[in-house]
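Quick notes on the structure that follows.
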Amino acid sequence: MATTKLDRARVARTALDLLNETGLEGLTLRAIAQRLGVKAPALYWHFKDKQALLDEMATEMMRRMGEEFPAAPAADWREALTDAMRTMRGHLLRYRDGAKVFSGTHYTDLSYAAPLEAFLRTLVAAGFTPGAAARAWFTVYGYTIGYVIEEQATGPDEGGHDLAARAERLAAYPLAAAAGEEMFRGHDRGFEAGLAAVVAGVGATLLTSGE
């Protein structure tokens, strides 16, 4: 039986540890309870369902991520956004299905607020309106989450794709066949190229000052 007091934070930390073994589909309250040395009903005192647990897990991930964000982001907004998304991607990749856990959840505390405020302040100082700054942040955030979801779903470079076999199947569609090399090989390079395009688009469409 558990000898350390059971609380939401401890359950979430244990769930994140177990996530790397089971993946999101295999993560159950029963498995977490077994790891903690308690009966499954004990967890329902803290979480009404699995979604509530995922919310706490995402919040714990944000707490850890927040420790890596700079207190004062780079003055250049492009550099600030790029560095933030690199940090986010790197952190999500530490956990199996990390981006799926993080996506669509609701934070259970305000650990996200200080980093978000700092980045939005940098954007506003560069000439974005508050609304445009929020849209800029959410746009690069959405790109990063989506990219990592796909990256983790396909696995390491090439993932489950046999690119030669794929190209053979698509022989009648040469551009689609060649696209596999860009889409499924070189995740780091692909992320950087896409992020640069998104940041450039943010500047072209949302920045009112033209800086």
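Put simply, OH on Y107 and OH on Y112 are 8.5 Å apart, with the number rounded to the nearest 0.5 Å. Of the inter-residue distances, the one linking F69 atom CZ with L116 atom CG reads 9.5 Å to the nearest 0.5 angstrom. For the atom pair CH2 of W137 and CG of L81, the computed distance is 7.0 Å after rounding to the nearest 0.5 Å. Here CZ of R135 is found 13.0 Å from CG of L123. Values are rounded to the nearest 0.5 Å. Within the model, atoms CZ of R94 and CG of L92 stand 9.5 Å from one another, a figure rounded to the nearest 0.5 Å. From L18, atom CG reaches atom OG1 of T28 across 7.5 Å, with rounding to the nearest 0.5 Å.
A side chain to side chain contact (heavy atoms under 4.5 Å, CB included) with T59 is found for one member of T105, L54, D109 and no other, namely D109.
Both I32 and L6 belong to a common hydrophobic cluster when Ile, Leu, Val, Met, Phe, Trp and Tyr are linked at side-chain heavy-atom distances under 4.5 angstrom. Neither L170 nor L175 shares a network with the other; the hydrophobic side chains, linked directly or stepwise wherever heavy atoms of I, L, V, M, F, W or Y lie under 4.5 Å apart, form separate groups for each. Follow the hydrophobic side-chain contacts under 4.5 Å out from Y143 and you reach L93 in the same cluster.
When all heavy atoms are compared, the tightest approach of T108 to R8 is CG2-NH2, 3.7 Å. Of all the heavy atoms in A118 and A71, the pair that sits closest is CB-O, 4.0 Å. In plain terms, the two heavy atoms of E181 and R189 that are nearest each other are O-NH2, 4.1 Å. The two residues G201 and T205 have their closest heavy-atom pair at O-OG1, 2.8 Å. Residues V140 and V199 approach most closely at CG1-CG2, 4.2 Å, considering heavy atoms. Counting all heavy atoms, side chain and backbone alike, A75 lies closest to T122 at O-CG2, 3.9 Å.
You'll find the side chain of V148 stays beyond 4.5 Å of the side chain of M88, heavy atoms only. Between E192 and H187, every side-chain heavy-atom pair lies at or beyond the 4.5 Å cut-off. Residues V198 and M85 form no side-chain contact, since every pair of their non-hydrogen atoms from C-beta on lies 4.5 Å or further apart. Between V124 and T129, the closest side-chain pair of non-hydrogen atoms is not below 4.5 Å. Between L207 and V202 the shortest side-chain heavy-atom distance does not fall below 4.5 Å.
A donor-acceptor pair under 3.5 Å is absent between the side-chain atoms of K39 and the main chain of Q34, judged by distance alone. Within the 3.5 Å criterion, the main-chain N or O of V11 finds no donor-acceptor partner in the side chain of E56.
Judged by a 6.0 Å distance limit and a 45° cone about the ring axis, R89 is not positioned over the six-membered ring of Y147.
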Which pairs of donor and acceptor atoms, one on a side chain in residues 95-102, lie under 3.5 Å apart (sequence neighbours left out)?
{"from": "Y95", "atom 1": "OH", "to": "R64", "atom 2": "NH1", "distance (Å)": "3.0"}
{"from": "Y95", "atom 1": "OH", "to": "H91", "atom 2": "NE2", "distance (Å)": "3.3"}
{"from": "R96", "atom 1": "NH1", "to": "E21", "atom 2": "O", "distance (Å)": "3.0"}
{"from": "D97", "atom 1": "OD2", "to": "L24", "atom 2": "N", "distance (Å)": "2.8"}

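A salt bridge links D83 with R86: at least one charged nitrogen is closer than 4.0 Å to a carboxylate oxygen.
No close placement of the F119 and Y141 rings is indicated, their centers lying 6.0 Å or farther apart.
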